[in-house]
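What follows is one structure encoded as structure tokens, with my remarks underneath.
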Amino acid sequence: WSIRSRMARSSCARPLPRCAPVPDPSPRVEALKRNLIVLFWAGILQSAALGLYDTALPLYLSHLKLSMTSMGLIFGLSQLGIFVVRFTSGTASEIHGRKPFYTGALGLSALSVCFIPVWPSTVAIGAAKIVRDTAGVVRDVMRSLLVYDNAGKNFLKWIGRIMGAELFFM
């Protein structure tokens, strides 16, 4: 007998190993999926509200007969707030955690929008606009970090789904 025939005979004589059953997903995997689904729906709701807000605010300011200078000041100061918060929110979230920042940003954004019609003065509307816009930036920064933390290797798939849905509903 040659070496080849002995190897062929011995390898053919052995039965193939059975495939192990696929284990049920761990509770951690289920929690991560739940987090991603919550981020998905929160993003859709927030984007729909933002689209309405960005359309209605200039009309509301015009209805209040604010001058173009006042409107420009309100929108300009909110951009200054965004500039400051964008650099500080990532570092602060590393210290205090991302979920509280994300949840806080959603809550502050909602409160500030509800506050605008209650106190219709230039200063109050300006302050509410600054809070709403800076909270939106914190939410955007935290969204990417939370998706990365929860999706791992599937980050691009999930961030694409979430951001695509947000843009669609805006």
Side-chain angles (χ1 to χ4, degrees), residues 25 28-64 66 68-120 122 124-170:
R28 175 162 164 65
V29 171
E30 291 300 319
L32 295 178
K33 282 184 184 178
R34 185 185 66 241
N35 289 343
L36 291 169
I37 291 169
V38 167
L39 284 170
F40 179 79
W41 286 106
I44 286 175
L45 293 173
Q46 180 72 13
S47 292
L50 178 64
L52 291 171
Y53 171 80
D54 284 344
T55 303
L57 183 65
L59 297 172
Y60 180 67
L61 294 176
S62 177
H63 174 74
L64 292 177
L66 288 177
M68 288 297 213
T69 306
S70 297
M71 286 187 210
L73 188 62
I74 288 170
F75 284 91
L77 288 175
S78 74
Q79 294 302 310
L80 182 63
I82 287 171
F83 177 76
V84 171
V85 168
R86 182 159 310 262
F87 291 108
T88 58
S89 62
T91 306
S93 74
E94 290 293 325
I95 296 168
H96 302 291
R98 294 182 177 122
K99 284 184 183 179
F101 269 78
Y102 188 82
T103 306
L106 286 175
L108 278 175
S109 180
L111 284 175
S112 68
V113 170
C114 293
F115 183 68
I116 289 175
V118 175
W119 195 15
T122 306
I125 291 172
K129 172 93 171 117
I130 290 169
V131 169
R132 211 246 36 95
D133 288 351
T134 55
V137 167
V138 170
R139 186 189 73 83
D140 289 344
V141 170
M142 294 304 116
R143 176 196 55 224
S144 297
L145 295 173
L146 284 168
V147 170
Y148 183 78
D149 288 346
N150 287 282
K153 293 179 184 177
N154 295 323
F155 170 73
L156 291 177
K157 177 175 80 173
W158 276 99
I159 198 71
R161 286 177 180 172
I162 290 170
M163 291 182 76
E166 287 179 8
L167 290 173
F168 181 76
F169 285 97
M170 190 178 296

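Taking both residues in full, the closest heavy atoms of Ala92 and Phe101 are given as CB-CZ, 3.4 Å, listed atom of the first, atom of the second, then distance. Considering all non-hydrogen atoms of both residues, Arg132 and Ser109 come closest at NH1-OG, 3.4 Å. Shortest non-hydrogen contact noted between Ala165 and Phe40 is CB-CE1, 3.5 Å. Between Asp133 and Gln79, the shortest heavy-atom contact is OD2-NE2, 4.5 Å. Contact between Leu66 and Met71 at its shortest, heavy atoms only, is O-CE, 3.5 Å. The two residues Arg139 and Ala105 come nearest to each other via the heavy atoms N-CB, 3.8 Å.
To the nearest 0.5 Å, the span separating CG on Leu73 from OG1 on Thr69 amounts to 8.5 Å. For the atom pair CZ of Arg98 and CG of Asp149, the computed distance is 4.0 Å after rounding to the nearest 0.5 Å. Separation of atoms CZ (Phe169) and CG (Leu50) is listed at 14.5 Å; rounding is to 0.5 Å. Annotation: the span from Ile130 atom CD1 to Ile74 atom CD1 amounts to 9.0 Å, rounded to 0.5 Å. In this structure, Met142 CE and Lys99 NZ are separated by 14.0 Å, a value rounded to the nearest 0.5 Å.
Side chain of Ser78 to backbone of Phe75: a donor-acceptor contact under 3.5 angstrom is found. Distance alone, capped at 3.5 Å, is enough to place a donor-acceptor pair between the Thr134 side chain and the Val131 backbone.
Residues Arg86 and Val138 fail the side-chain proximity criterion, which asks for heavy atoms closer than 4.5 Å. Taking 4.5 Å as the limit, some side-chain heavy atom of Ile37 sits within range of a side-chain heavy atom of Trp41. Using a 4.5 Å heavy-atom cutoff, the side chains of Ser93 and Leu145 are in contact. The shortest side-chain heavy-atom distance between Met163 and Trp158 does not fall under the 4.5 Å cut-off. Here the side chains of Lys157 and Lys153 are not in contact, with every heavy-atom distance at 4.5 Å or above. Inter-residue side-chain proximity for Ser112 and Lys129 is flagged as unmet; no heavy-atom pair is nearer than 4.5 Å. The side-chain heavy atoms of Val147 and Ile162, taken from C-beta on, include a pair separated by under 4.5 Å. For the pair Lys33/Asn150, no side-chain contact is recorded, criterion being any heavy-atom separation below 4.5 Å from C-beta on.
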(request) Please assess Tyr102 against Leu39 for the test side chain to side chain contact (heavy atoms under 4.5 Å, CB included), listing each intermediate value before the final yes or no. (result) CA-CA 10 Å; Tyr102 188 82; Leu39 284 170; 3.6 Å; yes
(message) Does Ser144 form a side chain to side chain contact (heavy atoms under 4.5 Å, CB included) with Ile159? I'd like the steps, not just the answer.
(response) CA-CA 7 Å; Ser144 297; Ile159 198 71; 4.1 Å; yes
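Enclosure of atom CZ in Phe83 is not indicated, since only 12 or fewer non-hydrogen atoms of other residues, nucleotides or ligands lie within 6.0 angstrom.
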